[in-house]
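Lettering of chains follows the sequences in order, A, B, ..., and the numbering in each one begins at 1. The basis for the numbers below is simple: all heavy atoms, side chains too, and nothing from hydrogens, waters or symmetry mates.
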Amino acid sequence: MTLRLHDTLSGETRPLEPLTPGFVGIYSCGPTVYGPVHIGNFRSFLFADILVRYVRYRGLRVKWVMNVTDVDDKIIRGAAAAGVGIGELTERWTDRFLTDARILGMTDPDVVPKATEHIPQIVALIEELSRRGHAYRTDDGSIFYQISSWPGYGRLARLDPENMRVGERVESDEYGKDDVRDFALWKGPKRGEPSWSTEVGEGRPGWHIECSAMSMTHLGQTFDIHTGGVDLIFPHHEDEIAQSEAATGKEFVRTWLHCAFLQMAGRKMAKSAGNIARVDELLERGTPPRALRYALISVHYRMALAFSDESLAAAASAVERLDNVLAALDSYSEEREDDPSLDDVLANGRRSFEEALDDDLNVSGGLAAVFEVVRELNRRIGARSLSTADARRAADFLLDLDRVLGVMSAPTRKLESDVADLLEQRAAARAARDWAASDRLRGVLADHGIAVEDTRDGQRWRRVGEPSRA
RNA sequence: GGCGACGUGGUGAAGUGGCUUAACACGGAGGUCUGCAAAACCUCUACUCGGCGGUUCGAAUCCGCCCGUCGCCUCCA
């Protein structure tokens with residue numbers, strides 16, 4: 001069994017067959033950094049993260065490239081409004097994006113290219129398109145891609161160019177277009193806007209061209225997987241294909257993966273709709289980061305995901321269940337022979353997990369497999385039928401699957417000295433059967449964010465709301 | 001107007017022809033364990049998969065129609 005993925009372009013779900021055996025190149029459309037990224041955006045980044053983690057779990061090497069768009073209309077407007085240069089604005093929000101991503105346990109991409117650092121590559125691509133007759137220049141110094149020169153246009157989005165509704169508004173800088181559907185490769189210089197002096201003239205890159213240039217620069221003219229939200233299918237990815245394939249004459253991307261929307265209050269989460277939630281504000285409200293990650297990854301990526309306070313609370317409880325079993329396994333100790341049936345439980349669990357993830361990254365199914373093992377482990381912990389070594393093996397097993405999920409927390413043995421003191425005092429009180437003191441100390445520890453439980457393996461503690469270990 | 005996706009319990013959702021008289025998680029009810037609590041475990045919580053027809057020995061799963069929701073065709077993860 002191998003990983004099968006649903007390709008948007010062909011509409012088929014087919015096995016991942018890397019261009020280079022053992023190596024997968026993945027490009028993910030990242031954020032435009034003009035403000036904080038909301039959790040709807042993060043859903044699509046975390047979906048790519050799961051993909052990367054699972055491909056690596058499967059033993060393949062991955063080069064993951066996620067771009068940052070650091071020059072566009074919104075950035076220019078935002079910088080002007082804030083009275084700062086665009087570099088200052090984009091640096092601030094890029095840092096913030098990467099910080100939030102780490103809080104959510106997202107794997108660091110191998111390369112995070114920026115549009116402004118790829119101007120030569122972008123220009124070279126535009127020149128090639130001009131040479132091949134796919135681009136034309138307008139009076140204001142802009143360069144447009146000529147859609148009519150590319151017969152495959154509309155294939156990805158399944159749109160018939162003839163039937164496309166064309167927006168009524170035609171911006172002044174696009175006035176000279178041959179066809180309103182043509183899109184800008186290069187925008188001519190304007191007062192108050194950043195501009196580069198290049199072989200194709202003064203100006204700045206259009207949006208779509210940067211992703212073609214950056215992905216091909218870092219992954220080659222043809223690469224394995226390109227990801228993004230479904231809203232990028234058209235026009236962004238459609239345009240990327242048109243540009244890239246027209247310029248190289250080669251297939252651009254082997255597999256296109258698109259993540260469905262995160263919905264809140266029955267609508268897609270979008271800045272324009274005003275129904276957005278941000279990482280920092282959720283954290284301020286006391287949301288454990290791993291619970292947020294769980295809430296965003298636990299549903300299949302091609303299904304709309306309903307986000308709400310309730311779904312977040314349910315995710316937090318599920319994550320706690322995982323923490324609890326890991327803590328129980330960690331403190332478990334029993335002098336006895338190994339449980340002969342444990343291997344089967346773990347092997348079956350792993351098989352179910354992999355079958356689900358192989359099936360176009362069915363995370364829900366994978367989680368079901370994990371929780372089935374968790375229940376089985378809890379039974380054995382209660383029955384004291386595991387050996388101490390079994391308990392270690394079981395914990396290692398769960399943490400191994402968590403290389404893909406990134407929602408668990410390995411119990412830490414490290415404690416602040418004051419907390420360690422309190423735990424010792426409580427253990428002493430319990431030994432003396434001083435229940436009043438024991439209960440009081442439990443309350444004090446809770447104030448330190450430490451939950452204490454009494455088990456057959458003695459006092460057990462865990463932190464409430466630990467960050468992801470990823 | 002064109003194109004597409006989805007509609008499963010109190011909630012979030014797996015499942016896409018027989019293994020499912022529907023997984024997993026959350027929530028709820030009862031019980032076991034425990035000094036108490038928590039955790040955990042056990043039992044129960046959809047005789048049913050938007051509606052109506054059809055195909056089939058057999059359908060939540062395939063087909064048709066209808067209803068509803070969301071989305072794309074414009075910046076958007």
Asker: For A451(A), which contact category applies under a 4.0 Å heavy-atom criterion: base, sugar-phosphate, or nothing?
Answerer: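 The residue A451(A) makes no contact with any strand.
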
Asker: Is the shortest side-chain heavy-atom distance between F97(A) and N41(A) below 4.5 Å?
Answerer: no

Asker: Return the value, rounded to whole Å, for the distance between atom CG of L159(A) and atom C1' of G4(B).
Answerer: 10 Å

Asker: To the nearest Å, give me how far apart CD (E372(A)) and P (A13(B)) are.
Answerer: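 Going from CD in E372(A) over to P in A13(B) covers 20 Å.
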
Asker: So, applying side-chain hydrogen bond (donor to acceptor under 3.5 Å, both in side chains) with R462(A), which one of N324(A), D330(A), D323(A) is it?
Answerer: N324(A)

Asker: Classify the side chain of R158(A) and the base of G2(B) as holding, or not holding, a donor-acceptor pair under 3.5 Å.
Answerer: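 Not at all, since no donor on one side and acceptor on the other fall under 3.5 Å apart.
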
Asker: Under a 4.5 Å cut-off applied to non-hydrogen side-chain atoms, are F252(A) and L9(A) in contact?
Answerer: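 No - every pair of side-chain heavy atoms lies 4.5 Å or more apart.
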
Asker: Taking U16(B) as the reference, what is the distance to A22(B) when you measure between their C1' atoms (whole Å, please)?
Answerer: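 These two C1' atoms come out 13 Å apart once rounded.
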
Asker: C75(B) base to D73(A) side chain: any donor-acceptor pair below 3.5 Å?
Answerer: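 By the distance-only test, no, there is no pair.
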
Asker: R375(A) has an atom CZ; how far is it from atom P of A39(B), in whole Å?
Answerer: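 Value for this atom pair: 16 Å.
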
Asker: Does K271(A) reach a base, just sugar-phosphate, or nothing at all? Heavy atoms under 4.0 Å.
Answerer: nothing

Asker: Does N324(A) reach a base, just sugar-phosphate, or nothing at all? Heavy atoms under 4.0 Å.
Answerer: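 If one applies the 4.0 Å heavy-atom cut-off, N324(A) turns out to touch the sugar-phosphate alone, with no base involved.
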
Asker: Once you apply a heavy-atom cut-off of 4.0 Å, does R430(A) come out as touching a base, just sugar-phosphate, or nothing?
Answerer: base

Asker: NA contact type, R433(A), heavy-atom cut-off 4.0 Å: base, sugar-phosphate, or nothing?
Answerer: nothing

Asker: Once you round it to whole Å, what is the distance between P of C72(B) and NE2 of H258(A)?
Answerer: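 Going from NE2 in H258(A) over to P in C72(B) covers 14 Å.
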
